[in-house]
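Working notes for the structure below.
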2 protein chains.
Amino acid sequence: MNFDAITIRDIARELHLSVSTVSKALRDSYEISEKTKKLVMEFAQKHNYRPNPMAQSLKKGHSKSIGIVVSSIDNQFFSQVINGMESEAYSQGYNVIITQSHESYDLEVQNVGHLIHRAIDGLLISIATETADVEHLRKLQQQGLPIVFFDRVSTEIETHKVIVDNFGGAYQATTHLLDSGYKNIAHITSSVTSSVTKQRLAGYIDALVEKGIEVKEQYIKYCLHGGLNLDELEQAVDELMASEPRPDAILTASDRITTSTMTLLHRKNIRIPQDVALVGFSNTVLADVLNPSLTSVHQPAFEIGRKATEMLLSIINSKRPITEFENVILPTELFIRSSSASKHK
Amino acid sequence: MNFDAITIRDIARELHLSVSTVSKALRDSYEISEKTKKLVMEFAQKHNYRPNPMAQSLKKGHSKSIGIVVSSIDNQFFSQVINGMESEAYSQGYNVIITQSHESYDLEVQNVGHLIHRAIDGLLISIATETADVEHLRKLQQQGLPIVFFDRVSTEIETHKVIVDNFGGAYQATTHLLDSGYKNIAHITSSVTSSVTKQRLAGYIDALVEKGIEVKEQYIKYCLHGGLNLDELEQAVDELMASEPRPDAILTASDRITTSTMTLLHRKNIRIPQDVALVGFSNTVLADVLNPSLTSVHQPAFEIGRKATEMLLSIINSKRPITEFENVILPTELFIRSSSASKHK
DNA sequence: AATTTTTACGCAAACGTTTGAGTTGACGTT
DNA sequence: AACGTCAACTCAAACGTTTGCGTAAAAATT
């Protein structure tokens, strides 16, 4: 499909110039006289000339597009992140190709392969909860593909990373629950292997320890599929509700887990916060109008995406190989609402 | 950036064959002996050969990618639609390039231009609420770019279209409100020019007329920016709440408008459904756990995306130009919840 | 006037494929 | 033995750019 079929050749023919002259004129080369440049530029303008991106890519060896891998686009947190990525990439003349891993290791590997095949200039990835082995990514990095991790990062690969203060967010949320009079606080989180899980778990534990509360193993539930699988999550909730003493609060560690847990509690007629309080990491814009309104740890999703993209493009555009890598940590924000209403009075 | 720098040339050199033989062998041409094919295939496999997509695109004149324009990715309805698109495109070896119009005409034009520049093979678009003039799209279509509309379609351009039964959805929702005892039903919708708006408005009006209820102009509020602009929406809500007689129910016509209206009513301490009932088009997975749970008109978003993509790819892959265009209308589903609880008893 | 320098442009190869048009040698046909 | 047929390759052009190098003519320097 060639629309506006006008090429550099056509211009050359019309203007009785050589292709190279036209090319150079368009790129404002010093080799070309002002007069000719003007002639060419105006002709190009008038005929709405656009260089063929495929030819340019082929010649220049880059595609001006970057790949994104997230678990699911249909998730407030990730769609906001992508929004930020798209915004930054776009403003720098790049476009983004999005793929979803649906938290599956196999899909992740497949997607990354597909993206590479598509000749992306760089990769933005939040690794799937299922993913434990990151060899596929390391290999690519060694071959020279710029990679920036966001959200779920790998400690085994050195590169720029953008995360939020997961520890702080969980710590703050847990402390808030404790201050509100809750004593038996459970934690539902994703896969054990995930960096995010570890950090949030540490924040949860630290807050408890600091207040002299015992950390109970049976209060900590892992969901390998990050709550995508509702059965998995339901089992976790059921087990929690059956444990002795029954938890009076739950801290949920991801957007999907938070909203799904809320839905499950509703279905089971477990009242929030009377039977069990709920605080969760979530970026839903509906937190205010949920029943009850949801106390949430909010992440600067747009900024995560924007920043990660900015960093990736800086690697891509860098002349020399990067050796110093940055680890950006953005703050979370705790929005206190009714789902964690104080137990006192 | 060239990873796995292995090209068809390298294979040819190693195997003492010509480039064309290798190329043909890889494409399983009848001109090549089985023995050679096997040799080449195995070598390619072993060295993880991947044809350079840019070279292929340049040569073949297509890019195996399709462009998508939605108002905002950060919207449950659209992210679900995109999910469906990505799924279908991916399974046919295409990838998608997503852009957002943020309901702005200018951005839409700019994005479409950018996509064309990127040499997409086809376009999936839901036009912005602001867009009244579709000349930019018609021109592209005339130049041979396959286009499929979804959600917000243009009546002025003939091509495949995928929409839902907007009339039926609105009719059903309005009838449900009437049956529940509500008499003064207002309607907040998007831009007047939009196809979706017109159809939903018609469904709303028909339901009223059928029950012999007067249609009041002041009960119908348009939001040019589709609720993206909160001030605009707030004004609409304020005006409705100030009108005489005050509406006892509102039908909202898009995901964004629905959720934002709910948020606004909360802020203004207007009780749902006691003060005013609310029924809205929405695809949020949180409808069940909202306060109150939200009666919603749900659209088969994933299927819309999947179907639209399937149709676009069929145009792209069609040998002959298409002259007969399909207009797929998918059903909506009304989920009755508490925000429209019956007034009786 | 002979020379070097500068200016402004053209030539041609290259990026990695695809593809129609040759080319070769082996074989079968008369 | 001379011919045509066929299988299995190779050649070379093409897709639309970019870019290093070459080269005229003009300008500047002797």
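Residue numbers start from 1 in every chain, and the chains themselves are labelled A, B, ... in the order their sequence lines are given, proteins ahead of strands.
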Rounded distance in Å - [atom1] ([X]) to [atom2] ([N]):
| X | N | atom1 | atom2 | result |
| --- | --- | --- | --- | --- |
| B:N52 | D:dC15 | CG | P | 18 Å |
| A:K59 | D:dG20 | NZ | C1' | 10 Å |
| B:K60 | C:dG16 | NZ | C1' | 13 Å |
| A:R9 | C:dG10 | CZ | C1' | 14 Å |
| A:I11 | C:dG10 | CD1 | P | 14 Å |
| B:L58 | C:dC15 | CG | P | 14 Å |
| B:H117 | D:dT17 | NE2 | C1' | 12 Å |
| A:I8 | D:dT19 | CD1 | C1' | 12 Å |

Close residues, residues 29-42 of chain A, relative to DNA chain D [heavy-atom separation under 4.0 Å]: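 Only A:E31 qualify.
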
Kindly determine whether A:D121 and A:K64 satisfy salt bridge (charged side-chain N to carboxylate O under 4.0 Å, His left out), including the steps that lead there. CA-CA 6 Å; A:D121 296 342; A:K64 286 274 178 180; over 6 Å; no

Could you check whether B:E103 pairs with B:R152 (Lys NZ or Arg NE/NH1/NH2 to Asp/Glu carboxylate O, under 4.0 Å)?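 Looking at B:E103 and B:R152, the cut-off is met.
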
One thing to verify: whether A:R306 and A:E310 come together as a salt bridge, which I'm taking to mean a side-chain N less than 4.0 angstrom from a carboxylate O.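 Salt bridge present between A:E310 and A:R306.
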
Angle between ring planes, A:F43 versus A:H47, binned at 30° and 60°: parallel, tilted or perpendicular?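 It falls in the parallel class, under 30°.
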
Counting heavy atoms from C-beta on, name the nucleotide in D:dT17, C:dG16, D:dT18 closest to the side chain of A:R27.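 Ranking D:dT17, C:dG16, D:dT18 by closest atom to the A:R27 side chain puts D:dT18 first.
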
Residue-phosphate contact under 4.0 Å: A:Q56 side-chain N/O, D:dG16 OP1/OP2: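 It does not, given that no N or O in the side chain of A:Q56 lies less than 4.0 Å from OP1 or OP2 of D:dG16.
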
For D:dG16, does either OP1 or OP2 sit under 4.0 Å from a side-chain N or O belonging to A:Y49?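 So the side chain of A:Y49 is outside the cut-off, no N or O lying under 4.0 Å from OP1 or OP2 of D:dG16.
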
Is there a donor-acceptor pair under 3.5 Å between the side chain of A:D151 and the backbone N or O of A:S126?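 Pair absent, no side-chain N/O of A:D151 close to backbone of A:S126.
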
Minimum side-chain heavy-atom gap B:V328-B:I163 below 4.5 Å: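 Of all side-chain heavy-atom pairs linking B:I163 with B:V328, none is under 4.5 Å.
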
Tell me which residues in residues 13-26 of chain B put a heavy atom below 4.0 Å from DNA chain C, sorted by number, or none.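 Residues of residues 13-26 of chain B that come under 4.0 Å of DNA chain C are, in numerical order, B:S20, B:S23, B:K24.
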
Sub-6.0 Å ring centroid separation between B:F150 and B:H160: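 Not close enough - the centres of the two rings lie 6.0 Å or further apart.
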
Tell me if the aromatic rings of B:H62 and B:Y94 count as close, with their centers under 6.0 Å from one another.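 No: the rings miss the under 6.0 Å criterion.
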
If we count only N and O atoms by modelled type, under 3.5 Å, do the side chains of B:D10 and B:Y49 hold a donor and an acceptor together?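 Note: B:D10 and B:Y49 side chains miss the donor-acceptor criterion.
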
